[in-house]
Amino acid sequence: MNTLNRLNNAQRAKLIFELLPADIPEYIEFTKALSARVTADPEGLRKKWNNCLLTVDSWVRLAKIVAESIDKHGVKLSKSSRLFSFVLFDGYVALFSVHCLQQFVLTTELKEPRLKTAVELFFTL
């Protein structure tokens with residue numbers, strides 16, 4: 001196994017899924033809901049946007065891709081660590097999925113509290 005600093009986002013997500021799976025279905029629902037909020041009001045988001053790395057349009061596009069992926073794969077995402085990590089954390093969509101994961105552990109009462117620590121370790125809050 002690679003050291004932590006050599007793991008990519010998909011590998012990190014796969015490990016989190018395999019080590020602490022209890023909250024994965026709720027995370028997927030949270031991500032779908034956050035995607036819906038982002039895509040529903042891009043103009044409202046544009047007014048308070050302060051990310052200099054991405055445009056609002058790019059963020060909305062990533063949110064749409066993530067939502068479509070969740071719709072396409074459904075419950076299979078919460079059953080397979082490989083599918084979960086590849087679909088939600090590979091490539092540029094990882095930007096949105098990692099953000100959702102960070103927000104999820106900060107705002108949700110977790111079944112497995114160690115998930116927050118794992119996210120902090122793997123995806124630096």
Side-chain angles (χ1 to χ4, degrees):
M1 180 158 91
N2 286 330
T3 60
L4 182 58
N5 63 343
R6 291 182 182 239
L7 295 175
N8 63 37
N9 288 326
Q11 291 167 323
R12 292 169 191 224
K14 188 173 189 289
L15 275 172
I16 285 176
F17 183 105
E18 291 172 350
L19 293 171
L20 303 162
D23 292 295
I24 297 299
E26 288 81 10
Y27 161 72
I28 294 168
E29 288 303 313
F30 179 91
T31 301
K32 186 174 179 179
L34 188 52
S35 298
R37 285 197 309 269
V38 166
T39 57
D41 186 20
E43 291 311 313
L45 183 60
R46 195 176 312 280
K47 291 176 185 173
K48 54 187 172 182
W49 191 253
N50 63 1
N51 185 327
C52 60
L53 297 175
L54 289 172
T55 65
V56 170
D57 295 331
S58 296
W59 193 247
V60 170
R61 195 169 24 259
L62 292 174
K64 284 180 183 178
I65 292 168
V66 167
E68 289 168 359
S69 296
I70 291 171
D71 287 341
K72 177 181 177 183
H73 296 286
V75 72
K76 293 178 200 169
L77 286 173
S78 63
K79 304 289 184 198
S80 167
S81 65
R82 186 169 181 253
L83 184 65
F84 171 82
S85 60
F86 179 74
V87 167
L88 297 179
F89 291 89
D90 191 44
Y92 289 110
V93 296
L95 294 169
F96 188 78
S97 297
V98 168
H99 171 75
C100 292
L101 186 57
Q102 291 170 333
Q103 294 306 305
F104 176 74
V105 300
L106 290 173
T107 60
T108 305
E109 188 172 330
L110 302 170
K111 293 177 187 170
E112 176 51 76
R114 293 177 294 180
L115 179 61
K116 183 177 183 202
T117 304
V119 171
E120 290 170 345
L121 176 65
F122 289 162
F123 296 108
T124 311
L125 282 174

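Count residues from 1 along the sequence. The analysis underlying the following values was restricted to heavy atoms, covering all of them including side chains, and did not include hydrogens, waters or symmetry mates.
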> Taking Arg12 for the side chain and Leu121 for the main chain, is one N or O donor matched with an acceptor at less than 3.5 Å?
Replying inline: no
Locate the shortest heavy-atom distance separating [X] from [Y]; write the atom from each residue and the value.
{"X": "Phe123", "Y": "Ile16", "answer": "CE1-CD1, 3.7 Å"}
{"X": "Arg6", "Y": "Gln11", "answer": "O-OE1, 4.0 Å"}
{"X": "Ala22", "Y": "Pro25", "answer": "O-CD, 3.8 Å"}
{"X": "Ser78", "Y": "Ile24", "answer": "CA-CG2, 4.2 Å"}

Value rounded to 0.5 Å, distance of [atom1] in [X] from [atom2] in [Y]:
{"X": "Thr124", "Y": "Leu4", "atom1": "OG1", "atom2": "CG", "value": "8.0 Å"}
{"X": "Ser80", "Y": "Glu18", "atom1": "OG", "atom2": "CD", "value": "9.0 Å"}
{"X": "Glu112", "Y": "Leu19", "atom1": "CD", "atom2": "CG", "value": "10.0 Å"}
{"X": "His73", "Y": "Glu68", "atom1": "NE2", "atom2": "CD", "value": "11.0 Å"}
{"X": "Thr3", "Y": "Leu7", "atom1": "OG1", "atom2": "CG", "value": "7.0 Å"}
{"X": "Ile65", "Y": "Phe96", "atom1": "CD1", "atom2": "CZ", "value": "11.0 Å"}

Indicate every side-chain donor-acceptor pair of residues 39-48 with a distance under 3.5 Å to a residue at least two apart or in another chain.
| from | atom 1 | to | atom 2 | distance (Å) |
| --- | --- | --- | --- | --- |
| Thr39 | OG1 | Ser35 | O | 3.0 |
| Thr39 | OG1 | Ala36 | O | 3.2 |
| Asp41 | OD1 | Gly44 | N | 3.0 |
| Glu43 | OE1 | Arg46 | NE | 3.3 |
| Glu43 | OE2 | Arg46 | NE | 3.4 |
| Glu43 | OE2 | Arg46 | NH2 | 3.4 |
| Arg46 | NH2 | Asp57 | OD1 | 3.1 |

Side chains of [X] and [Y]: closer than 4.5 Å at any heavy-atom pair?
{"X": "Lys32", "Y": "Asp71", "answer": "yes"}
{"X": "Tyr27", "Y": "Ser97", "answer": "yes"}
{"X": "Thr108", "Y": "Asp23", "answer": "no"}
{"X": "Leu54", "Y": "Trp49", "answer": "yes"}
{"X": "Phe104", "Y": "Leu115", "answer": "yes"}

Show every donor-acceptor pair shorter than 3.5 Å between a side-chain atom in residues 82-91 and any protein atom, with sequence neighbours excluded, or say none if there are none.
| from | atom 1 | to | atom 2 | distance (Å) |
| --- | --- | --- | --- | --- |
| Ser85 | OG | Ser81 | O | 2.9 |
| Ser85 | OG | Arg82 | O | 3.2 |

